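Small disclaimer: the values here were computed from a predicted structure and weren't measured. Within every chain, numbering begins at 1; the chains are lettered A, B, ... in the order of the sequence lines, protein sequences first and strands thereafter.
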There are 2 protein chains.
Amino acid sequence: MRNHQVVSAWLEQELAAGRLAIGSRLPGERAMAEQLGISRASVREGTRVLEALGVVRAGVGSGPQAGTVITGNPALALDSALRLHVASAHLPVKDVVETRLLLETWAAAHASPDSPALARAALLLDEMDQHDDGPDGFLERDALFHVALAEAAGNVLIGAMMGSLRGSIAAYTQRLTARLPDWSTTSDRLRTEHRAILDAVLAGRGETAADLVRDHIEGFYREAGVPRDASDSFRRQALSITMPNT
Amino acid sequence: MRNHQVVSAWLEQELAAGRLAIGSRLPGERAMAEQLGISRASVREGTRVLEALGVVRAGVGSGPQAGTVITGNPALALDSALRLHVASAHLPVKDVVETRLLLETWAAAHASPDSPALARAALLLDEMDQHDDGPDGFLERDALFHVALAEAAGNVLIGAMMGSLRGSIAAYTQRLTARLPDWSTTSDRLRTEHRAILDAVLAGRGETAADLVRDHIEGFYREAGVPRDASDSFRRQALSITMPNT
DNA sequence: TACGGCGTGTGGTCCGACCACACAAGCTAT
DNA sequence: ATAGCTTGTGTGGTCGGACCACACGCCGTA
């Protein structure tokens with residue numbers, strides 16, 4: 001085992017033993033280095049990995065926001081991993097869209113009508129009605145709406161996956177809107193469909209909601225004229241995705 | 001942007017521009033440090049992240065196996081991430097099992113009868129018949145069998161996710177076998193079910209295969225004494241999910 | 001009492017060094 | 001001539017120490 005892996009191994013043990021939990025602060029890098037018998041550089045490499053996996057968050061300075069703290073953000077790992085693998089063309093966008101369809105349909109079918117996430121979803125739909133700020137703003141809220149639905153299903157993993165999947169193909173979706181014959185027509189239709197989906201979920205009609213979600217997503221891609229053999233085009237689109245913090 | 005993030009940002013650009021692809025060798029750490037204007041320590045931290053995400057693989061020495069090479073292994077990222085998040089109790093095992101059920105059911109329904117992965121699956125079943133090396137060896141091949149099924153469905157992402165999900169709850173599953181009343185009885189049943197699943201897939205009866213997979217998984221947990229509540233309606237979902245226009 | 005400077009501990013970055021490793025070229029003994 | 005050993009070279013892996021920016025909280029001062 002390489003030295004930097006000692007850090008994650010140690011953390012996993014601590015978590016399993018209950019000595020650490022989400023919100024706990026890790027020892028300082030210098031202390032951990034001495035404690036684990038490795039150099040601070042190795043500790044840092046290990047911490048960097050944990051950070052990339054969404055397990056910890058590092059903060060400088062002092063006070064409550066400082067130090068390395070255990071978080072629970074699985075979406076972070078999926079997010080960066082998916083983006084890079086899509087960029088390397090190892091992950092066809094087709095697979096991502098397919099997976100998204102599967103997860104979202106499931107989420108719609110299993111969303112609890114009582115979930116507070118649905119209130120957020122309703123708010124987003126209101127915003128989409130009021131602010132008519134073009135495809136970009138619409139898609140932004142559309143994405144949040146779908147993620148809210150996923151969260152309402154009460155499965156953390158699927159919620160995280162969905163959010164990351166959307167992020168990794170956001171740029172692609174944006175380009176698709178350019179192919180639409182008439183945005184305002186499509187926009188109206190999507191809005192109506194959103195209401196229907198949310199109503200179905202709130203009424204506890206999960207199966208209906210799932211059907212509506214599937215039609216909603218497939219309809220969008222169909223109307224945007226997704227090419228039959230999409231893989232090539234998909235790939236080219238996906239490559240334009242860039243890091244948000246560049 | 002912290003310096004170590006420069007590495008992944010740079011790599012993403014290179015991938016997008018087509019100057020690098022899977023299989024390419026990255027410049028040496030010392031060269032990259034100079035090229036990117038950062039220290040070698042920062043380059044190493046960035047490389048470590050890429051490695052954790054399954055994007056690159058580092059090898060010492062010289063020759064074809066040496067240097068940092070771009071790979072395409074999304075499962076690696078999911079694997080370690082899921083393990084840690086499950087350990088931190090941020091990811092309930094219930095969510096993982098639920099997700100696994102969803103993905104595997106879908107995979108069984110969409111597996112192509114012509115896929116070469118199915119030949120591998122058949123080989124694994126033969127091995128499970130011949131080598132009776134207890135629960136551990138059995139579970140090992142069982143895991144590979146299910147992953148092979150996922151690959152036969154032709155979705156890299158779902159295949160990777162499935163493999164990782166299994167890995168993240170491997171220890172848990174192993175513990176479960178201890179609760180079984182009689183291993184050899186269970187083992188025989190699982191073997192029979194495996195054959196039935198594979199036969200259904202090979203015959204192109206996706207829906208039947210999905211049903212069998214769901215019963216197969218749920219049956220195991222039920223026999224091991226795990227109360228499974230909400231797990232209906234996977235079949236209908238999974239069957240209807242496909243890419244538009246494909 | 002209000003305020004401002006400063007000590008202290010945190011992660012962030014860098015440097016230079018040495019190690020283990022694996023291959024390839026060249027030397028050596030047969 | 002060839003098999004086998006030696007050495008050179010470049011790779012990632014690790015280390016210790018140094019300095020920086022930062023943010024908080026203490027404490028002296030007005």
For the side chain to side chain contact (heavy atoms under 4.5 Å, CB included) test, which of B:L78, B:L53, B:L82 pairs with A:L78? B:L78
Look at A:R40 and C:dT13 and indicate whether a side-chain polar atom (N or O) is within less than 4.0 Å of OP1 or OP2. no
N or O in side chain of A:T68 less than 4.0 angstrom from C:dG11 OP1/OP2: yes
Between B:R2 and A:E51, does any side-chain N to carboxylate O distance fall below 4.0 Å? yes
In terms of the nearest nucleotide of DNA chain D, which residue is placed more toward the 5' end: A:I38 or A:R30? A:I38
How long is the line joining CD of A:E51 and C1' of C:dG12, in whole Å? 11 Å
Along DNA chain C (nearest heavy atom to each residue), the more 5'-positioned of A:G61 and A:A41: A:G61
For B:R44 and D:dT14, give me the distance from atom CZ to atom C1', rounded to whole Å. 7 Å
Rounded to the nearest Å, what distance is computed from the CG atom of residue B:N3 to the C1' atom of nucleotide C:dG11? 13 Å
Is a side-chain N or O of A:H4 found less than 3.5 angstrom from the main chain of A:G46, in a donor-acceptor match? no
Think B:S62 has a side-chain N or O under 4.0 angstrom from the OP1 or OP2 of C:dC21? no
Within the 4.0 Å heavy-atom criterion, would you say B:R25 contacts the bases, only the backbone, or no part of the nucleic acid? nothing
Output the rounded distance in Å from NE2 (A:H4) to C1' (D:dG12). 11 Å
Could you check how far CZ of B:R2 sits from C1' of D:dA21, rounded to whole Å? 14 Å
If we ignore hydrogens and angles and just use 3.5 Å, is the side chain of B:S115 paired with the main-chain N or O of B:S112 as donor and acceptor? no
Could you check whether any side-chain N or O of B:N3 sits under 3.5 Å from a backbone N or O of B:I38, counting only pairs where one atom can act as donor and the other as acceptor? no
Give the rounded distance in Å between these two atoms: CD of B:E29 and C1' of D:dT14. 11 Å
Would you say A:S39 reaches D:dC15's phosphate, i.e. side-chain N/O to OP1/OP2 under 4.0 Å? yes
Within this structure, what is the CD-to-C1' distance between B:E45 and D:dG13, rounded to whole angstrom? 14 Å
Provide, to the nearest angstrom, the distance between the CD atom belonging to A:Q5 and the P atom belonging to D:dG12. 17 Å
